[in-house]
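Read the structure below first, then the notes.
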Amino acid sequence: MNKLVKMLLTLGGATLALASCDQKPQEADFKYLIDEFADLKIIRYTIPGWDDLTLQQKEYVYHLSEAAKWGRDIYWDQNGSQNLQVRHAIEAIIKDYQGDRECKYFQDFIVYAKRVFFSNGIHHHYAEDKFFPECPKEYFQSLLSAVGADSEELLKVIYDPEYLKQRKSTDASGDIVALSAVNFYEGVTRDEVEKFYEAMMVPGDETPISYGLNSKVVKGADGIIREDVWKVGGLYGAAIEKIVAELEKAAAVAENDAQKEYISLLVDYYKTGDLKLWDEYNIHWLQDSLGTVDFVNGFVEDYNDPLARKGAWEALVNIKDHVASGRTVALSENAQWFEDHSPVDPRFKKKEVKGVSAKVINAVCLAGDCYPSTPIGINLPNADWIRKDYGSKSVTIANITHAYDYAANECEHSTLSEFAYDEAEIALAKKYLSVTDEVHTDLHECLGHGSGQLLPGTSPNAMGEFSSTLEETRADLFGLYYCADPKLVELSILPDTEAYKAQYSNYIRNGLMVQFSRVELGKQNTEAHMQNRKLIAEWCYEKGAAQNVIEKKIRDGKTYFVVNDYEALRGLFGDLLAEIQRIKSEGDYKAGKELVEKYAVDIDQDLHKEVLERYASLHLKPYGGFVNPDIVPVVKGGKVVDYKVEYTDDYLGQMMKYGEEYKAL
């Protein structure tokens, strides 16, 4: 179940740049926004504090980053069994094609290639649906033939709209396992998979392992269902061996013994596939709050699995922003107060909040499920029993958020001017939205995901395919509810008691309307974070209708949603938080399913058409992602004396470089 915020709060520039520190390198002409195509923009991020690291810390970061890059092929294959074949063919064309590269069809091919690289496969990174080249099939076939990669099967994978239709199926009428293109299952049905894992569960086990997190479920020719485990000597073994080798190099130069210990546990887990070692690693990892350098590396989030069991491979290497972390430290130190004053039933509250730590970080390397599209905040580990007994670690990724803001400033227009109702609403956003975005993310990650508890006997997998949406809803509601609490002003986290109103107005505006600029007309709302925002906004709009808490206004043929009563809206957020927590704590699958299906999925088509037209007039891209800086060893006299950071402005070049240098599968 996710604890990673995969929401981009800067929908094409909706969030204004009010960054707290100067992130820019010395070059006056440094550009954050370096490429745009289809519905995507590519951004560079910088690494504040790099020069403050010791040589040992830089070497530690370097090897952790190399370990991250070696896992890239794993994530591609997890997203679909044909993805690596498609990527290799695309790479061959880009590298070796000798024909006309200036014609429109080849340029259409290049756009498709960039989209495939961005999505780590042939399906949209957010919307799940397969996307297609704009150049004709016959032309694509000629490109394949020119580089010796001609394949009817490959053309079917790329062009057939019914074949491998969705990465993760959203077809409620069919078997979501059989209909999903993800490479987590082979020859099995949903019912077979669920029975397979139910048989593993130990009744009354209060420390259950995350069954199925690191494996593919396969039915053999003999009819026997088994797991192919992702480990050294197993599935993905060649890539994992490379990861392990770099982790071992990193451990040799780690900052402290605690880091060396949990890296050793992670290596043992990768070598054996033993999920008990994964739990042990997570417990040790979350307790390390001393180091400046930190990382995530493993099979972590289950968003891409239709049954919310399989962990997508991801990695993130980062360094702590010691100054900016004061805000998150204040929240974590008061975690018990927030838990005690939560509007949920006392039965579902933690009587003793343990081990909550939080910090602000700057990313150094993104990989797998974090690249190019990346989170802005993280809260891990995901196992509920570990969170209850040991706590969790939360981070807000400052340089990613700031890079979005800087890139937005390089664009001419803002969604705020188009979708906010009046100048007062715009002024409120300009004054407070940037800071409240960061605080909401802090609350979501640091406290929201770590709040509450399951009742004894409730399975952590009880919510099934709705678990990710409901968990994100729960964490967002926790953050929204407390954004308006005077406690945040008391702790000097927010400047005054008016600031939260900017967050409330923006959240409703986005959840009911603006975010659908990302969805193709006629399609349903399928991504978990977008579903979460729609569920919250739609539910509050409906429940507050009698008191006109949120008002729908039409002016000059344009629709707006305006918050009339902020206090009442906070009350609605609290009511829904109480219900979502009850659903999770009791494992009420039916109630969770009803909430998602009623409020989170279907989009009003007239409003959707209007949003798309208004957004198109701004000439903005609704999705953003990143290229990594390059960490380059500086060698003198045959010895590494430093590691320097180089900032590429070549998105396609980085993708080709990674494909050549980190090809493992």
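Residue numbers run from 1 in the order of the sequence given. Computed from a predicted model, the values in this text were never measured in an experiment.
Heavy-atom minimum distance, Ser119 versus His123: CB-O, 3.0 Å. Across all their heavy atoms, Leu380 and Glu301 have their closest contact at CD2-OE2, 3.5 Å. Closest approach of Ser325 and Lys320 over heavy atoms only: OG-CE, 3.6 Å. Of all non-hydrogen atoms in Ala67 and Ile243, the two that sit nearest each other are O-CG1, 3.5 Å. Of all the heavy atoms in Leu494 and Cys483, the pair that sits closest is CD1-O, 3.4 Å. Here the closest non-hydrogen pair linking Glu128 and Thr526 is CG-OG1, 4.2 Å.
Salt-bridge check for Glu438 with Arg327: passed, with a basic side-chain N closer than 4.0 Å to an acidic carboxylate O. Between Lys657 and Asp650, none of the side-chain N atoms (NZ, or NE/NH1/NH2) sits under 4.0 Å from a carboxylate O, so this pair counts as no salt bridge.
Side-chain contact between Asp437 and Gln503 is present, with heavy atoms from C-beta onward closer than 4.5 Å. Considering only heavy atoms from C-beta on, Val300 stays 4.5 Å or farther from Asp369 through its side chain. Using a 4.5 Å heavy-atom threshold, the side chains of Trp50 and Val61 count as touching. Counting only heavy atoms from C-beta outward, the side chains of Pro306 and Glu465 never approach each other to under 4.5 Å. Side-chain atoms of Leu64 and Cys365, non-hydrogen and from C-beta on, never get closer than 4.5 Å to each other. A heavy-atom distance below 4.5 Å is not found between the side chains of Ser392 and His449. Side-chain contact check for Phe117 versus Ile94: some heavy-atom pair is nearer than 4.5 Å. Residues Lys359 and Val329 have side chains not in contact (no heavy-atom distance under 4.5 Å, counting atoms from C-beta outward).
If you run side-chain hydrogen bond (donor to acceptor under 3.5 Å, both in side chains) between Trp76 and each of Asn120, Asn183, Asn83, only Asn120 comes through. Each of Tyr647, Tyr404, Tyr406 was evaluated against Tyr32; a single residue qualifies, Tyr406, per the ring-ring contact (aromatic ring centres under 6.0 Å, His included) test. For the salt bridge (Lys or Arg N to Asp or Glu O under 4.0 Å) with Asp35, the qualifying choice from Lys41, Lys621, Lys114, Arg115 is Lys114, the only one to do so. Of the options Trp70, Trp230, Trp313, a ring-ring contact (aromatic ring centres under 6.0 Å, His included) to Tyr236 is made by Trp230 and by none of the others.
In this structure, CZ on Phe466 lies 11.0 Å from CG on Leu535, to the nearest 0.5 angstrom. Distance check, rounded to the nearest 0.5 Å: CG of Leu33 to CG of Asp649 gives 11.5 Å. Rounded to the nearest 0.5 Å, atoms NZ (Lys393) and CG (Asp294) are 3.5 Å apart. Within the model, atoms CG of Leu265 and NE2 of His284 stand 6.0 Å from one another, a figure rounded to the nearest 0.5 Å. Distance check: Asn318 CG to Ile378 CD1 gives 7.0 Å after rounding to the nearest 0.5 Å. Taken to the nearest 0.5 Å, the CG atom of Leu618 stands 9.0 Å off from the OG atom of Ser517.
Using cut-offs of 30° and 60° for the angle between ring planes, the Tyr45 and Phe626 rings count as perpendicular. A perpendicular orientation is assigned to the rings of His125 and Phe118, their planes being inclined by more than 60° (bins at 30° and 60°).
Glu445 places a side-chain N or O within 3.5 Å of a backbone atom of Asn379 that can act as its donor or acceptor partner. Side-chain atoms of Asn362 never come within 3.5 Å of backbone atoms of Ile47 as a donor-acceptor pair (strictly under, hydrogens ignored). Here the side chain of Ser180 pairs a donor or acceptor atom with the backbone of Ser169 at under 3.5 angstrom. A distance-only check finds a donor-acceptor pair linking the side chain of His88 to the backbone of Leu84 [under 3.5 Å]. A donor-acceptor pair under 3.5 Å is absent between the side-chain atoms of Asn532 and the main chain of Ala528, judged by distance alone. Using a distance-only test at 3.5 Å, with no hydrogens or angles considered, no donor-acceptor pair links the side chain of Asp321 to the main chain of Val360. Under a 3.5 Å cut-off, the side chain of Ser332 and the backbone N or O of Thr328 do form a donor-acceptor pair. In this structure a side-chain-to-backbone donor-acceptor pair under 3.5 Å is missing from Gln57 to Ile319. In this structure, Arg509 contributes its side chain and Leu416 its backbone to no donor-acceptor pair below 3.5 Å. Using modelled atom types, no side-chain atom of Glu527 and backbone atom of Tyr126 make a donor-acceptor pair closer than 3.5 Å.
Note: Phe516 and Tyr615 fail the aromatic proximity criterion, with ring centroids not under 6.0 Å apart. A ring-centre distance under 6.0 Å is found for Tyr303 and His529.
Relative to the six-membered ring of Phe184, Arg309 misses at least one condition, a distance below 6.0 Å or an angle of at most 45° to the axis.
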Ile386 and Asp384: CA distance, side-chain angles, deciding distance, side chain to side chain contact (heavy atoms under 4.5 Å, CB included) verdict: CA-CA 5 Å; Ile386 295 179; Asp384 284 287; over 6 Å; no
Between His63 and Glu246, is the side-chain hydrogen bond (donor to acceptor under 3.5 Å, both in side chains) condition met? List the steps. CA-CA 5 Å; His63 289 299; Glu246 291 296 336; 2.9 Å; yes
Are Leu331 and Tyr482 close enough, and set up right, to give a side chain to side chain contact (heavy atoms under 4.5 Å, CB included), and what steps lead you there? CA-CA 11 Å; Leu331 288 176; Tyr482 277 116; over 6 Å; no
Could you go through Tyr270 and Asn297, starting from their C-alpha distance and side-chain angles, then the distance that decides it, and tell me whether this counts as side-chain hydrogen bond (donor to acceptor under 3.5 Å, both in side chains)? CA-CA 10 Å; Tyr270 271 138; Asn297 188 301; 2.5 Å; yes
Go through it in stages, so that I can follow the logic: the residues are Lys310 and Ser215, the test is side-chain hydrogen bond (donor to acceptor under 3.5 Å, both in side chains), and I'd like the CA-CA distance, side-chain angles, deciding distance and then a yes or no. CA-CA 7 Å; Lys310 306 298 175 185; Ser215 66; 3.1 Å; yes
One pair to check against side chain to side chain contact (heavy atoms under 4.5 Å, CB included): Phe295 and Ile263. What are the steps and the verdict? CA-CA 10 Å; Phe295 71 96; Ile263 291 176; 3.8 Å; yes
Please evaluate residues Tyr623 and Asp39 with respect to the criterion side-chain hydrogen bond (donor to acceptor under 3.5 Å, both in side chains), reporting the C-alpha separation (whole Å), side-chain torsions for both, the decisive distance (0.1 Å), and the verdict. CA-CA 6 Å; Tyr623 297 100; Asp39 57 353; 5.1 Å; no
Go through Tyr643 and Tyr62 one step at a time and tell me if the ring-ring contact (aromatic ring centres under 6.0 Å, His included) criterion holds. CA-CA 8 Å; Tyr643 292 85; Tyr62 174 78; 5.1 Å; yes
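With no hydrogens or angles considered, a side-chain donor-acceptor pair links His322 and Thr292 at under 3.5 Å. Looking at Asn628 and Tyr371, their side chains never bring a donor and an acceptor atom within 3.5 Å of each other.
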